[in-house]
Peer 1: 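Here it is, the structure, as structure tokens.
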Amino acid sequence: MKKTAIIIPARYGSSRLEGKPLLEVNGKPIIQWVYETAKTVSTSDEVIVATDDERIFNAVKNFGGCAEMTSTEHKCGSDRIKEVADRHPEFEYIINLQGDEPMIKKEHIEAVIDGVKNHNADISTLIRPIEDKDEVEKPSLVKCVIDNNGFALYFSRSKIPFERNENPAPFYGHIGIYGYTRNALIKMTTSKQTNLEIAESLEQLRALQMGMKIKTSIVKEKPVGIDTLEDYERFKELAGKK
């Protein structure tokens, strides 16, 4: 039976905020916030935290979640996810849900699953309209341009499209959650980096340069990601209001 799995890569080490999966908000570690939202998704069959740290593994087990240990040698989350997927040949669709997105919505995850399962795509992801003109200029926010069917044409840290004329196409910012077919995940993780990927330091450009199709879904909300102590404090404030 072909199954859909949400796999949440989580590591303890972080240059900007060490141990962030275990930071608590309202009595729950951040990884639990993400896991519990993933468990509400009816179109997923399994939710697994993939980690190389026993502290995270034990924390997930303590709140009743499912976790699997992975190698400490992985350089990125997709490699960690592939290790788990290799143990489960029944997983045909694999969702890479970041463990530092505690306010990701159920509908967002469902849109990613729909994108990769029902639109003849290799990969799916999310984008959002950018309303703030200053935000468009920031290299830290990855921009995306799409075709008329919602498939990605290109991702860039630069401002795309270039505004030569009035009434330009809308600006979209990328949200880093991915859905893969099993074959696409294997192809991505076993292929060499491409020159576009190296130039912009964007893994999704490897997929586009190899001719893979990435389906995007547009969402309005901007999820709160936890990268810094300031992000953590902001999430605590928002969670208190929620």
Peer 1: Is E135 salt-bridged to K138, cutoff N-O under 4.0 Å?
Peer 2: no

Peer 1: Going from CZ on F151 to OG1 on T216, what distance comes out if it is rounded to the nearest 0.5 angstrom?
Peer 2: 8.5 Å

Peer 1: Between K20 and D231, does at least one N-O distance fall below 4.0 Å, as a salt bridge requires?
Peer 2: no

Peer 1: Do E68 and F57 make a side-chain contact, defined as non-hydrogen atoms from C-beta onward lying under 4.5 Å apart?
Peer 2: no

Peer 1: Decide yes or no on side-chain hydrogen bond (donor to acceptor under 3.5 Å, both in side chains) for N96 and Q98, but give the supporting numbers first.
Peer 2: CA-CA 6 Å; N96 179 350; Q98 296 301 315; 3.2 Å; yes

Peer 1: Is K213 paired with D122 through a side-chain N to carboxylate O contact shorter than 4.0 Å?
Peer 2: no

Peer 1: When you measure from the centre of the six-membered ring of Y172, is the NZ or CZ of R128 closer than 6.0 Å and no more than 45° off the axis?
Peer 2: no

Peer 1: Nearest 0.5 Å, what's the CD1-CD1 distance between I8 and I48?
Peer 2: 9.5 Å

Peer 1: Going from CD1 on I130 to NZ on K159, what distance comes out if it is rounded to the nearest 0.5 angstrom?
Peer 2: 10.0 Å

Peer 1: Just wondering, are more than 12 heavy atoms of other shown residues or ligands nearer than 6.0 Å to NZ in K2?
Peer 2: no

Peer 1: Any Lys/Arg nitrogen of E36 or K28 sitting under 4.0 Å from an Asp/Glu carboxylate oxygen of the other?
Peer 2: yes

Peer 1: May I ask you to say whether R11 pairs ionically with D53, meaning some side-chain N is under 4.0 Å from a carboxylate O?
Peer 2: no

Peer 1: Does a side-chain N-to-carboxylate-O contact under 4.0 Å join E46 and K3?
Peer 2: yes

Peer 1: Can you confirm whether more than 12 heavy atoms, excluding those of N118, are under 6.0 Å from its CG atom?
Peer 2: yes

Peer 1: Mind checking what makes ring pair (Phe, Tyr, Trp, His ring centres under 6.0 Å) contact with F63, not counting sequence neighbours?
Peer 2: Y35

Peer 1: Applying the side-chain hydrogen bond (donor to acceptor under 3.5 Å, both in side chains) criterion to S156, which one of K143, E200, H174 satisfies it?
Peer 2: E200

Peer 1: Do E203 and S78 meet the criterion of a side-chain donor-acceptor pair at a distance under 3.5 Å?
Peer 2: yes

Peer 1: Can a side-chain donor-acceptor contact be found between T70 and R80 if the only test is distance below 3.5 angstrom?
Peer 2: yes

